[in-house]
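Report on the structure given below.
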Amino acid sequence: DAGVTQSPTHLIKTRGQQVTLRCSPKSGHDTVSWYQQALGQGPQFIFQYYEEEERQRGNFPDRFSGHQFPNYSSELNVNALLLGDSALYLCASSLFGEGGQPQHFGDGTRLSIL
Amino acid sequence: DAKTTQPNSMESNEEEPVHLPCNHSTISGTDYIHWYRQLPSQGPEYVIHGLTSNVNNRMASLAIAEDRKSSTLILHRATLRDAAVYYCILQYNQGGKLIFGQGTELSVKP
């Protein structure tokens, strides 16, 4: 049973460019959340997708956008990259429902901005 | 969003029990208490969660105070593979977003 898979594992971009990161959820899961983890910090919630709609959003600018496809996979897009966007981007999947749903994380995409 | 407070670091000896504390004095009645751990170069791994009652699973036990303002993750016999950053997180009843703090870095000595 495959867990959460993310691609690519590493990516190098320059300031001002745009990037797309991809996530396939764990089999049977219908909800995808994205997190940003700066070096030495805990992950920060970006947004969550369910039924192809953004359900919740953290304190991130509009440069960060996402999409969920009918097969529950998801993309995270970041426009106009800044040096501060360098981080590990984590995808987590879960079952949508009230309370207490554990999230299963992938190993992330390491994004470096030059 | 309700916040949690954990010690920055803790040390343990191999094969001894470990008690990782967490304070969450602003917890609301519908917040779930979650614990995740993260090994270097990996994504966070779910450990355990609970609402009001103590919980046990194959990885650990979760002890929740009666007033729910604190909780303790218990690893019954620490192994070298348990060395990781442990995060105590409050999850709002609806929506499921996880708000991570700084976590506790656990080191295990042989």
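First the proteins, then the strands, lettered A, B, ... as listed; each starts at 1.
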Worksheet item: Measuring from F105(A):CZ to L98(B):CG, what's the distance to the nearest 0.5 Å?
Response: 5.5 Å
Worksheet item: Is Q38(B) close to Q37(A) at the side-chain level, that is, under 4.5 Å between some pair of heavy atoms?
Response: yes
Worksheet entry | Rounded distance (nearest 0.5 Å) linking atom OH of Y32(B) with atom CD of Q101(A) | 8.0 Å
Worksheet item: Is the shortest heavy-atom distance from the side chain of P44(B) to the side chain of Y35(A) under 4.5 Å?
Response: no
Item to complete: Return the orientation label for the Y46(B) and H104(A) ring planes: parallel under 30°, perpendicular over 60°, tilted otherwise.
Response: tilted
Discussion item. Under 4.5 Å between side-chain heavy atoms, counting indirect links through other Ile/Leu/Val/Met/Phe/Trp/Tyr residues: same cluster for I48(B) and Y36(B) or not?
Written reply: no
Item to complete: Could you please spell out the steps behind the side-chain contact (heavy atoms from CB on, under 4.5 Å) verdict for Q103(A) and H34(B)?
Response: CA-CA 10 Å; Q103(A) 296 186 10; H34(B) 281 245; over 6 Å; no
Worksheet item: Are I74(B) and I33(B) grouped together when hydrophobic residues (ILVMFWY) are joined by side-chain heavy atoms under 4.5 angstrom apart?
Response: no
Response to the item:
Nearest heavy-atom contact between Y87(B) and G42(A) is OH-CA, 3.6 Å
Worksheet item: Of the backbone (N, CA, C, O) and the side chain (C-beta and beyond), which part of L51(B) lies under 4.5 Å from a heavy atom of chain A, both, or neither?
Response: neither
Item to complete: Would you kindly confirm whether Y49(A) and Y89(A) end up in one hydrophobic cluster when ILVMFWY residues are joined by side chain heavy atoms under 4.5 Å apart?
Response: yes
Discussion item. If you count heavy atoms of other groups shown closer than 6.0 angstrom to CG of N59(A), is the number above 12?
Written reply: no
Discussion item. More than 12 heavy atoms of other residues, nucleotides or ligands under 6.0 Å from CG of N71(A): yes or no?
Written reply: yes
Practice prompt. Against chain B, label Q44(A) side chain, backbone, both or neither, depending on which of its atoms sit under 4.5 Å from a heavy atom there.
Written response: neither
Worksheet item: In terms of hydrophobic clusters joined by side-chain contacts under 4.5 Å, are L76(A) and F60(A) together?
Response: yes
Worksheet item: Does L90(A) share a hydrophobic cluster with V47(B), counting links as ILVMFWY side-chain heavy atoms below 4.5 Å and allowing steps through other members?
Response: no
Discussion item. Looking only at heavy atoms and a cut-off of under 4.5 Å, which of P43(A), G40(A), A92(A) has the most pairs with chain B?
Written reply: P43(A)
